[in-house]
Protein chains: 2
Amino acid sequence: MVKPQLRISESTIHRLSIYYRALNRLERENYETISSKELAKREKLTPAQVRKDLSFFGSFGTRGLGYPVTELRDKIAEILGINRSWSVALVGVGNIGSALVSYKEFQKQGFRIRKIFDNDQRKIGSNHKGIIVSDADDIVTELRDSKIEIVVIAVPSLVAQMIVDDVVRAGIKAILNFAPINLKVPDDVYLRNENMAMELEYLSFSLCNDEAQL
Amino acid sequence: MVKPQLRISESTIHRLSIYYRALNRLERENYETISSKELAKREKLTPAQVRKDLSFFGSFGTRGLGYPVTELRDKIAEILGINRSWSVALVGVGNIGSALVSYKEFQKQGFRIRKIFDNDQRKIGSNHKGIIVSDADDIVTELRDSKIEIVVIAVPSLVAQMIVDDVVRAGIKAILNFAPINLKVPDDVYLRNENMAMELEYLSFSLCNDEAQL
DNA sequence: CTGCGGTTGTGAAACGTTTCACAACAAATA
DNA sequence: TATTTGTTGTGAAACGTTTCACAACCGCAG
Ligand SMILES: NC(=O)c1ccc[n+]([C@@H]2O[C@H](COP(=O)([O-])OP(=O)(O)OC[C@H]3O[C@@H](n4cnc5c(N)ncnc54)[C@H](O)[C@@H]3O)[C@@H](O)[C@H]2O)c1
Ligand SMILES: NC(=O)c1ccc[n+]([C@@H]2O[C@H](COP(=O)([O-])OP(=O)(O)OC[C@H]3O[C@@H](n4cnc5c(N)ncnc54)[C@H](O)[C@@H]3O)[C@@H](O)[C@H]2O)c1
């Protein structure tokens with residue numbers, strides 16, 4: 001898929017996610033083709049950037065015409081690996097965990113929550129959207145025997161490292177963490193952090209340094 | 001605060017957020033000073049980066065000794081503008097909105113949710129952590145007469161642009177958006193997006209391109 | 001008060017990403 | 001067929017960020 005031995009930057013991948021969503025909308029609006037110029041305008045990017053990003057993975061457009069919307073959308077889905085479904089487990093079904101379980105878009109996109117863990121006796125055994133909450137003490141064994149590929153961590157910061165150690169021990173290679181803390185994982189485990197406080201802090205900084213044109 | 005006419009990059013600000021949290025932990029662990037080397041190690045960054053980031057804002061360390069933990073933490077809080085409290089409004093108290101209202105860390109950090117809007121008749125008038133939910137139809141007037149500085153958008157994507165237009169019309173200059181869509185705002189309004197799907201997609205991409213050492 | 005180990009602050013080099021600019025091509029029109 | 005308009009794909013230039021490397025300095029020991 002990727003042109004051999006070319007390192008793709010994080011920003012490029014993030015923009016592919018953006019293109020993917022934009023193309024879905026364009027399809028709904030019955031566009032058949034889209035130029036890099038128009039796509040860039042819609043997403044506040046530059047046409048050159050759109051073309052360069054795509055060119056890392058192949059040549060999907062037609063000169064003079066632009067890119068075929070549906071085809072490009074599918075191509076990007078393939079590149080991102082979202083043209084399939086992924087088995088996801090959630091650890092910690094509190095405020096944010098519950099919100100994630102109830103979020104239909106993730107399921108629609110192919111991210112299927114198949115296991116939920118918690119250590120609260122009142123929650124263990126309860127049913128969340130058809131999934132029975134397991135005891136967090138069993139994470140290692142339950143994950144090892146499962147087909148889970150991605151684990152979402154939504155437990156308090158203080159216990160997050162402990163949980164993530166278990167998750168890693170169970171052989172999981174991809175983790176999405178909501179605790180505002182830097183988790184330590186081996187090099188072969190992919191870890192992404194979702195840190196809302198950081199975005200609020202960015203807004204705070206922007207407001208404080210307003211005249212400086214950020 | 002910022003050295004005159006120097007543009008600070010987004011990455012630098014994000015790292016300041018990281019340092020801030022790290023320093024808080026160090027304080028709890030009774031560290032009095034910390035070297036850029038040690039701080040970098042803890043947060044998987046480089047010592048040079050730590051020093052360069054801080055140097056944009058002044059000179060906070062002592063050669064031979066490192067940085068004073070508490071003092072530096074307070075300095076960074078001042079730079080980020082989080083040494084004060086901010087009045088926040090939330091629009092959409094569904095799954096994710098409720099999670100945010102219940103999240104104590106934001107309040108502790110000084111981000112105080114003071115108003116909540118929704119358009120669901122069953123929710124309007126109800127009480128969430130001491131705040132009565134207002135009718136979303138009144139956003140413009142209610143926000144205009146208020147001291148709200150930051151608005152969090154947690155409504156379905158389809159209505160997010162409409163809501164954000166109201167919010168902008170009310171004179172709000174900082175918005176944190178959870179809807180997975182590119183919102184259009186005037187140049188003088190700061191908009192940050194929290195897009196969880198994007199992080200899941202990044203993990204998916206990483207897993208699919210594993211051998212390529214991402 | 002000199003020398004040494006340790007660390008900052010910062011210009012300059014190295015590196016990475018974005019933007020530019022244009023050849024190559026597609027379609028439409030005359 | 002020739003010409004015009006529009007757009008991609010991509011090397012090369014411009015720009016921005018990270019890393020390097022070292023002078024300047026601190027505290028301490030002798
Ligand atoms: N709520 C938010 O809006 C929000 C926003 C940003 C970040 N976060 C972060 O997300 C995480 C969860 O936040 P929350 O508000 O949902 O907290 P919460 O207290 O509502 O939920 C935490 C859940 O984890 C469970 N838990 C605790 N220890 C556990 C363990 N050892 N093993 C398994 N489960 C355990 C608890 O029983 C609870 O169900 C925290 O790290 C928080 O900082 C939350
Ligand atoms: N739930 C999640 O975990 C999650 C994760 C990522 C992103 N998001 C995004 O966050 C947003 C909210 O998601 P959710 O799961 O909380 O949805 P939800 O349906 O649970 O909540 C949406 C809330 O917005 C209210 N609302 C609808 N139209 C409104 C209007 N015109 N004015 C004011 N309020 C209105 C609804 O009454 C409801 O209370 C969506 O854009 C979603 O894509 C949610």
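Lettering of chains follows the sequences in order, A, B, ..., and the numbering in each one begins at 1.
Classification of A:Glu149 and A:Arg84 as a salt-bridged pair holds, one side-chain N sitting under 4.0 Å from a carboxylate O. Salt bridge A:Glu201/B:Arg192: absent, no basic N to carboxylate O contact under 4.0 Å. Using a 4.0 Å cut-off between charged nitrogen and carboxylate oxygen, A:Arg73 and A:Glu78 do not count as a salt-bridge pair.
Following rounding to the nearest Å, A:Leu65 (CG) and C:dA24 (C1') show an atom-to-atom distance of 14 Å. Remark: P of C:dG6 and NZ of B:Lys37 are 8 Å apart, rounded to the nearest angstrom. Put simply, CD on A:Glu10 is 12 Å from P on D:dT18, counting in whole angstrom units. For the pair B:Ile13 CD1 and D:dT18 C1', the computed distance is 16 Å after rounding to whole Å. D:dG11 atom C1' lies 12 Å from atom CZ of A:Phe56, rounded to whole Å. Distance B:Phe57 CZ to C:dG9 P: 14 Å, rounded to the nearest Å.
An OP1 or OP2 oxygen of D:dG16 is reached within less than 4.0 angstrom by no side-chain nitrogen or oxygen of B:Ser9. A:Tyr67 has no side-chain polar atom (N or O) that falls below the 4.0 Å cut-off from OP1 or OP2 of D:dG6. OP1 or OP2 of D:dT8 sits under 4.0 Å from a side-chain N or O of A:Ser36. At D:dG9, one or more side-chain N or O atoms of A:Ser59 fall inside 4.0 Å of OP1 or OP2 (strictly under the cut-off). The side chain of A:Arg15 contributes an N or O atom lying less than 4.0 Å from OP1 or OP2 of C:dT18.
For the pair B:Arg42 and B:Tyr31, the cation sits on the ring face: its NZ or CZ lies under 6.0 Å from the ring centre, inside 45° of the axis.
At a non-hydrogen distance threshold of 4.0 Å, B:Arg51, B:Lys52 from residues 38-53 of chain B come into contact with DNA chain C.
Counting distance only, with no hydrogens placed and no angle test, the side-chain atoms of A:Arg63 and the base atoms of D:dT8 include a donor-acceptor pair under 3.5 Å.
Looking at B:Gln161, its side chain never comes within 3.5 Å of a backbone N or O of B:Leu183 through a donor-acceptor pair. A side-chain donor-acceptor contact under 3.5 Å links B:Asp118 to the backbone of B:Val93.
Side-chain contact of B:Arg51 with B:Ser36: a donor-acceptor pair under 3.5 Å is present, judged by distance alone.
Residue B:Ser55 has its side chain nearest to C:dT10 when only C:dT7, D:dC26, C:dT10 are considered. Comparing D:dT17, C:dG9, C:dA26 by their nearest atom to the side chain of B:Ser11 picks out D:dT17.
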